[in-house]
> 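Sharing a structure here in structure tokens format.
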Amino acid sequence: MQAEMRYPKQLWPLWVLSSCCSLSRRDLICHRDHYLKRLSVIRRNYILAPWKRKRRLLSRDLLPTCHLNTGRKESVQVCNEKSNADIPETIFALSTPPGRAALAVIRVSGTQSLPLLRRLSKSNETIDFSPRKLIRRRIVDPCTGAHLDDAMVTYFRSPKSYTGEDMLELYLHGSPAVVSSVFKALEDSKLARLAQPGEFTRRAFENGKMDLVKVEALADLIHSETPLQVQQALKNLDGALSKRLYAWREKLMTALAHLEALLDYGEEAEIPDNIFERAFSSCEQMKAEIRQVVEGKSIGEMVRDGIQVAIIGSPNAGKSSLLNTLAGRDVAIVTSIPGTTRDIVQVPLQLNGVKVICSDTAGIRENEDVDIVEQEGIRRALEKASDANIKIIVQDAYNDHSGDKILEKFPSLLDQNVIFVLNKWDLIESDPAESQRMEQLFHDRNSWFNTLVKRNIPVVKISCKTGDGIPQLVETLHSFISKWLERVQFQDEREETAIEMLISRERHRNCLKETLAALERFGEFPKSPDSIVLATEELRQALNELGKMTGHVETEQLLDVIFRDFCVGK
């Protein structure tokens, strides 16, 4: 009893152990401190922590018992049901394109990822599923024990994963039968369900792994078709645009906080008298930067969606033939009958890594015999020409001598973004009389040709039949595209990428327009304490509009529109 009273009561397990083993009193004294430390850790982690966590859950989620004619056990059951409902379901999907391939990747995300992995790799062996470690496992059906595949498996522990949750990736053989059997095993487990399009990325957004700008950049990267689109998407995915937006947002929050402090505690707190003027000054600088983006060229949108090139001209001038030549295949119908093309035919092309959308349009003419369908085609052709970034006016150099009439009828089409093309030049070269006529036309200072030269509109002679002049036309077209993209600075890491290049969606531009409008209204208020309430509200509106771009102020409809464009498994 004297020895027992000499040491703390926490040492009683050691006294029991010493009665069964040959432990001396010296051993007990040497291991006392270590044992007490381990006992304290066990008590904190396995006794106190779960009890405190349970109390927090009860106080936060438990429904008021005064509204329930139930006992304490039923109240706890209500709490547990609500807590389980708050936990997101575990999802799975195929992250590689469906079909036969060398590999197929199935991605799983959620709290049941590791239990699913243990079920699929059912074995008597002790398995070490260390995070971010690639291991080879035998995949079996948990219900039947059938061998499904030999796969490489990687486990990602929350929060260090793509979605921020526990994740699992199975690298299977790319047989549709293998993928189907593993899918059935996952569904039969009742621990996971098939993911919706974009649900993995949406969970990454909701868990703070990326903002909406990076989400959209990821979608652009997946759907990119040209190297320039890849570079633009990678820049935004790396946070180039987000950094600009967060800098503006920080300025707005600082100005708004100062004004609200002046509004609430102006007489009590020691706030500088010029705080209102400083807020106006900060917003003026921001307005200038945003206005440059809103009123500038839509360079980023052009890179993402493609530069619009409209091919217009008279009927039978060779517009459809030119489109087929540029595309390298027959995409438009070509006949000798005037008015064959009624609707707009669009073909995406790639010119030196830049996406270009070439549009063949209906022949423009004025004739009483034109039917209602062709009239609608002509209207759409003129509308397409007005919206296009570059216009190619095609004229039949051999049969049509009405170049001056085109200039008179459609003067609005002749701007700095026009390329004039003289088609069927092979017929001109084979006819001496026509060659002499064209020479006289070129030397006549009052001719329509020299009118084009005076306006710096390039004239290119081509033949769609022989291919002569097509390389010169493509080179001219590329020089026009270079003018639009002259501010692209992706390749030079030392320089800052132009923000016009990073605004890749119309949604971005609309949000910035609303932000600028709110800042403009804020700047119109007099710099006096009488107008601080209304001015502060405009500043708050600007902050909300800017927050819509990154997702700090999100609506369910906005998120649905953004994530529905993703494929299943991303």
Side-chain angles (χ1 to χ4, degrees), residues 164 201-202 204-220 232-233 235-264 271-272 275-296 298 300-301 496-525 532-559 561-563:
T201 305
R202 181 159 186 167
F205 165 74
E206 293 173 347
N207 292 327
K209 304 296 287 188
M210 57 176 63
D211 56 30
L212 284 186
V213 174
K214 293 183 179 181
V215 167
E216 292 169 323
L218 179 60
D220 293 342
Q232 177 178 263
K235 277 289 184 179
N236 280 341
L237 191 58
D238 195 39
L241 178 58
S242 298
K243 292 176 183 177
R244 301 283 188 93
L245 298 178
Y246 290 145
W248 289 341
R249 185 172 180 270
E250 187 68 24
K251 290 182 180 179
L252 282 176
M253 291 181 65
T254 301
L256 182 61
H258 289 170
L259 292 182
E260 288 185 342
L262 180 63
L263 185 64
D264 295 338
I271 299 178
I275 196 69
F276 207 8
E277 289 76 7
R278 288 166 57 183
F280 272 97
S281 176
S282 176
C283 291
E284 283 297 324
Q285 180 183 0
M286 195 185 315
K287 279 195 301 183
E289 297 175 359
I290 298 178
R291 187 181 295 110
Q292 182 182 1
V293 179
V294 172
E295 298 178 355
S298 306
E301 297 170 60
E496 194 174 32
T497 304
I499 191 171
E500 293 90 342
M501 197 71 212
L502 301 174
I503 302 296
S504 60
R505 292 174 179 258
E506 186 179 359
R507 185 185 77 86
H508 300 167
R509 190 170 296 275
N510 290 337
C511 289
L512 289 180
K513 284 182 180 179
E514 295 298 328
T515 302
L516 180 61
L519 291 177
E520 294 283 1
R521 293 192 297 268
F522 171 77
E524 293 174 357
F525 283 96
I532 186 173
V533 176
L534 296 178
T536 302
E537 187 60 31
E538 295 296 344
L539 209 59
R540 186 179 292 107
Q541 179 65 24
L543 183 63
N544 290 340
E545 292 295 334
L546 199 61
K548 288 180 181 179
M549 292 188 66
T550 58
H552 288 89
V553 182
E554 73 271 6
T555 62
E556 195 66 24
Q557 294 81 3
L558 173 64
L559 297 181
V561 169
I562 291 176
F563 289 103

> Quick check for you: to the nearest 0.5 Å, what is the distance between T515 atom OG1 and K548 atom NZ?
9.0 Å
> With a 4.0 Å cut-off on N to O distance, would you call R244 and E289 a salt bridge?
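E289 and R244: not salt-bridged.
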> Pair T254, S282 - check side chain to side chain contact (heavy atoms under 4.5 Å, CB included), show working.
CA-CA 10 Å; T254 301; S282 176; over 6 Å; no
> Supply the atom-to-atom distance M286 CE to L252 CG, rounded to the nearest 0.5 angstrom.
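Taking CE in M286 and CG in L252, the distance rounds to 4.0 Å.
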> If you look at every heavy atom in F205 and V215, which pair is closest and at what distance?
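The pair with the smallest heavy-atom distance is CB-CG2, 4.2 Å.
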> Yes or no on side chain to side chain contact (heavy atoms under 4.5 Å, CB included) for K214 and L218, after CA distance, side-chain angles and deciding distance?
CA-CA 6 Å; K214 293 183 179 181; L218 179 60; over 6 Å; no
> Minimum heavy-atom separation for L519 to C283, with atom names?
CD2-SG, 4.1 Å
> Once side chain to side chain donor-acceptor pair (under 3.5 Å) is applied, do any residues pair with Q541, and if so which ones, sequence neighbours excluded?
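In terms of side chain to side chain donor-acceptor pair (under 3.5 Å), with neighbours along the sequence ignored, Q541 is linked to E545.
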> What's the spacing between L516 CG and E520 CD if we round to 0.5 Å?
5.0 Å
> Which atom pair, heavy atoms only, marks the closest approach of F522 to F280?
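So the two residues come closest at O-CE2, 3.0 Å.
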> About how many Å separate CG of L512 and CZ of R507, when rounded to the nearest 0.5 Å?
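These two atoms lie 10.0 Å from each other.
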> Does the distance from a Lys or Arg side-chain N to an Asp or Glu carboxylate O, for R521 and E524, drop under 4.0 Å?
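No, R521 and E524 are not salt-bridged.
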> What closest approach, in Å, do S504 and D220 show between heavy atoms, and which atom pair accounts for it?
OG-OD2, 3.5 Å
> Please check this pair: side chain of R505 against backbone of A217, looking for a donor-acceptor N/O pair closer than 3.5 Å.
no
> Can you see which heavy atom on L212 is nearest to which on M549, and at what distance?
CB-O, 3.4 Å
> Is E506 atom CD crowded by more than 12 heavy atoms from other residues, nucleotides or ligands, each under 6.0 Å away?
no
> Given S242, which of D211, N236, T550 fulfils the side chain to side chain donor-acceptor pair (under 3.5 Å) condition?
D211
> So do T201 and M210 actually touch side chain to side chain, heavy atoms under 4.5 Å?
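With C-beta onward as the side chain, the pair touches.
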> Can you tell me how far CD1 of I290 sits from CG of L245, rounded to the nearest 0.5 angstrom?
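Those atoms lie 8.5 Å apart.
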> Report the distance from atom CD1 of I503 to atom CG of L241, rounding to the nearest 0.5 Å.
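Answer rounded to 0.5 Å: 4.5 Å.
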> Keeping the roles fixed (side chain from D238, backbone from A240), state whether a donor-acceptor pair exists under 3.5 Å.
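Checking the backbone N and O of A240 against the side chain of D238, no donor-acceptor pair under 3.5 Å is found.
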> Who pairs with R249 by salt bridge (Lys or Arg N to Asp or Glu O under 4.0 Å), at least two apart in sequence or on another chain?
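Expected list: none.
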